[in-house]
Amino acid sequence: MSLSHRTGWFIATATLAATLAYGYACTPATKSPAAIGASDAASKVYVAPGSHDEFYAFLSGGFNGQVGVYGLPSGRLLKIIPVFSQFAENGYGYSEETKPMLETTFGNIPWDDLHHTALSQTNGEDDGRWLFVNANNTPRVARVDLATFETAEILQIPNSGGNHGSPFITSNSEYVLASTRFSVPIPQADVPISDFAKKFKGTISFVKGNEPGKMDVAFQLLVPGYNYDLARAGKGPSKDWVFFTSYNSEQAYEKLEVNASKADKDFIAAINWRSLEACVKDGKAENWPADYMHNVMDDFTRTAQVGRKQSVKVLTPTTCPNSIYFLPTPKSPHGADVDPSGEYIVAGGKLATVIPVHSFTKLQQAIKDQAFETTIDGIPVLKYEAILAGEVKDPGLGPLHTEFDGKGYAYTSLFISSEIVKWKLSTWEIVDRVPTYYSIGHLMIPGGATTKPSGKYVVALNKITKDRYLPTGPELTQSAQLYDISGDKMKLLLDFPTTGEPHYGNAIEASKVEKLQKKFFTLSENRHPHVTKAEREAGVSRNGKVVHVRMAAIRSHFAPDNIEGVQVGDTVLFHVTNLEQDWDIPHGFAIQGANTAELLVMPGETRTLRWVPKQVGVYPMYCTDFCSALHQEMSGYVRVSPVGSNVPLAGNTLKAQGQAARAAARGVTLPTPPGGVTGPAHAHGAAPSPNPR
Ligand code: K7E
Ligand code: CUA
C-alpha cells in the first residue's frame, strides 16, 4: 500500500477514533418522523385489536440475558424469554427445576450478556423450530424451543474468553458457530499478560445444534491470538464456508482503543467447515482436556439435567491445511454478512471509510492461484485486490452491520453517523439513506440472514434513545425503529421501546412458528419425582430437616392448603403441580418470607419452591396468577413451630381426610393436630372433584 494511502487511513482513523471516544457525532437535523405522513405511517403498523402481527421478532436483550419477543409491524411486546438470567416473573433460575440451567464450571451464574440470535434453518431458510442465542461473558450457547418459547438447552463453550461471534448458523443448522472475542491462554494457565503474542490464542468452535438435547462442541479450530468478533455462515455456493471478522491483529493487550487500531487492515477468517469435518474424520484432531457443562431441560420431568464434559477435539491450521484463509479487511471490522446469493461477504469496518465487499468466486480463484500475501501461523493471507468485489464509497461513519432485502440491495448500519444506508449489490452505489435515532448498532430485516429475506421492513436497533420517549430518569428505555423498505426509499414507520439492549435480532413469518405452539404439558406424561397427578396423591412428608410438600393446584385451591408440623429451620420444598389441562391457565405460588422468586406453574408441570422458615408463626401462601373468579380464595396457611415441637407433620389432603374417615368408621380416633387440619369437614368437601372449571 502506498504511503499516501496509509496516511489517508491514519487521518480517517484518528478522526473516527476521536469521534468514538468523545461520543456520537450525530445531530439529527429534525425530529420529525421522516418523509411519511404520521397517519399513513400509523396505518402501516396498525394491527387491529384481536388481529395478529405478521412476524415474530426475537430481539436480544443484551445485558439482561433475555430475549424479547415482539410482533411486527406493531412493535407489541409479546414475551420475555429468560435464557442466561434469572427471571422473577416465572421463577426461571430460581425454582429447583430451572436453577441447574444456569450451572457452569464457574458455579451457578444468574446473569449474562446476550448479544445475538440465530433461527434454525433448513435449506437456507428459517424453519421456526429453534432460536439459538449466545452468552457473551461466560461463554455459552443456548437453544430456545419455539414450541414452548422456553430455554431448552445451554452448552458451555470451553477454551473461550467471551463468546461474541456466536451463535450464527449454517444453512441446514449443521453447526452453530462460536468464537472467542478475547484471546486467552489455551488451555488456561498462569502466564504474564505481556506474553500475549506468544501464549494467547483464539478458538473457533463448531457446535452441533440440530439434535434437541444433544448440543455439543463437535470441534474447535485454534487460531492466532486476535479478537474474533462476528460471523456468518455462507449460503448457496458458499454454504460450506463460514466467515469470522477479527480485529486486534496488532495483538495489543493494553489500551486497545489505540493499540488495536493501528493496522490498516485486519482480517476476515474464511473457514471451510466441510474440510474441518473431514480432518476430524481422518483423525487429525487432538483430544484436549477441557471442562464444560451441558444443561438440558428434560421434557418429561421438566427439570434441568446438568452434564459435564471433559474433553474437546482441537484442530489447528497446520494439522488441517487448506481449511482457513485470512481475507485482509479494513479496518477493525465488526460485522461480516453474507448476501442471500452467497456470493458477497460484506464487512463492517467500524473505523473504515468504505464498506469492503469480498467475492466468494474470487476467493475460490485466489486460493487456486495461490494469490497469497503471506502466511500467518499456517494460515494463507489472500491478496486484498484478488478477492475484492467492490467497495461502497462514502457510506457514512462507523459501518457496523449489513442485512439484505432479497431484491439486490444491502442495508448497512452506521453507528457514528446514526443512519442506515441502502446500496446496490454489484454496482456498490448508494441509493438511499435515512437517519436513525440514535447510534444504530445492528439492523434486522425479517429473513435478512437467509436465502429468502422478506424485504418488507428493516428494524434499527439503536443504542441511544435520548429524547424519543417520555423521560424515565437517568436510565432510558432502549429503542427500536421500524422502516418500510418495500419501495425505493426507506420510510420510518414506528419507534418502539425494547427491553435490555438489543444487539441483534431475527424476525420470521408468524405462520412458521404459530403452528408449532404447545398449549400445555400433558399431565399423564409428567415424570417429575414429586408430581401430584391427582388431588388424592397430594401429601406432606419429612426426611430429617427436609419437608416435601406434594401440592396440587387447580382452580381455585391448593391441596393441601393447611400444613402443620413444620419447624423453624426446616427446608420446605413445595412441589406444586398444576393439574389443569387447558391453554393459558397457569397457577402461581408464593409464601411469605420466601427468599427466592415466586413460581409460575404451567398446566401439567411441576415446579418446586424452596422455603426455609426462620420464625415461628402461621404464614399465608397463595396463588399469584389471577386464574379464576375465586383466585383470591386460592390460598392457605403453613404453621411453623419451634425446633423440637411435637406438632405432627400433616397437611389437609384428600388422602389425610380419607384416612380420618376410614379410622372413624373403625371407631378409632386419630390424633388430630391442633387446628384440626385433618378434619373431614374442610372446604374441599368429600367429593374429589379433580377438575372444577
Ligand atoms: Cu452489539 Cu453484534 Cu455484540 Cu454489533 S454487537 S452493535
Ligand atoms: Cu390459581 Cu390464582
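Just follow the structure's listing: the first ligand is 1, and inside any ligand the first atom is 1. This is a predicted model, so every value here is computed, not measured.
Annotation: Phe149 is in aromatic contact with Tyr56 [ring centroid separation under 6.0 Å]. Ring pair His115/His442: centre-to-centre distance not below 6.0 Å. Phe404 has its ring centre no less than 6.0 Å from the ring centre of Tyr411.
Shown in contact with Gly441 at under 4.0 Å from a heavy atom are these atoms of ligand 1, numbered in order with element: 6 (S). Near Lys463, meaning under 4.0 Å from one of its heavy atoms, ligand 1 places the atoms 1 (Cu), 6 (S). Per-residue contacts place Leu230 under 4.0 angstrom from the following atoms of ligand 1 (heavy atoms of the residue considered): 2 (Cu).
Ion pairing between a basic and an acidic side chain is recognised when a charged N comes within 4.0 Å of a carboxylate O; Glu633 and Arg555 show no such pairing.
Stacking of Arg232 on the aromatic ring of Phe168 is not recorded, the 6.0 Å distance cut-off and the 45° axial limit not both being met.
Using a non-hydrogen distance threshold of 4.0 Å, Glu501 does not register as a contact of ligand 1.
Distance check for His401 against atom 4 (Cu) of ligand 1: an N/O/S atom falls below 2.8 Å. None of the N, O or S atoms belonging to His116 lies under 2.8 Å away from atom 3 (Cu) of ligand 1. Residue contact annotation: His631 places no N/O/S atom under 2.8 Å from atom 1 (Cu) of ligand 2.
Atom CG of Leu414 and atom OG1 of Thr436 lie 8.5 Å apart (nearest 0.5 Å).
Looking at Arg181, His442, His164, His503 and measuring to atom 2 (Cu) of ligand 1, the nearest heavy atom belongs to His442.
For the residue pair Glu97 / Thr608, a side-chain donor-acceptor distance below 3.5 Å is found, with atom types taken as modelled. Using a 3.5 Å distance cut-off with no hydrogens or angles, the side chains of Asn526 and Glu605 do not pair a donor with an acceptor.
Checked against atom 1 (Cu) of ligand 2, the N, O or S atom of His587 at the shortest distance is ND1. The closest approach of His334 to atom 4 (Cu) of ligand 1, by N/O/S atoms, is made by NE2. Checked against atom 3 (Cu) of ligand 1, the N, O or S atom of His115 at the shortest distance is ND1.
Expressed to the nearest 10°, the angle at atom 1 (Cu) of ligand 2 joining SG in Cys623 with SD in Met634 is 110°.
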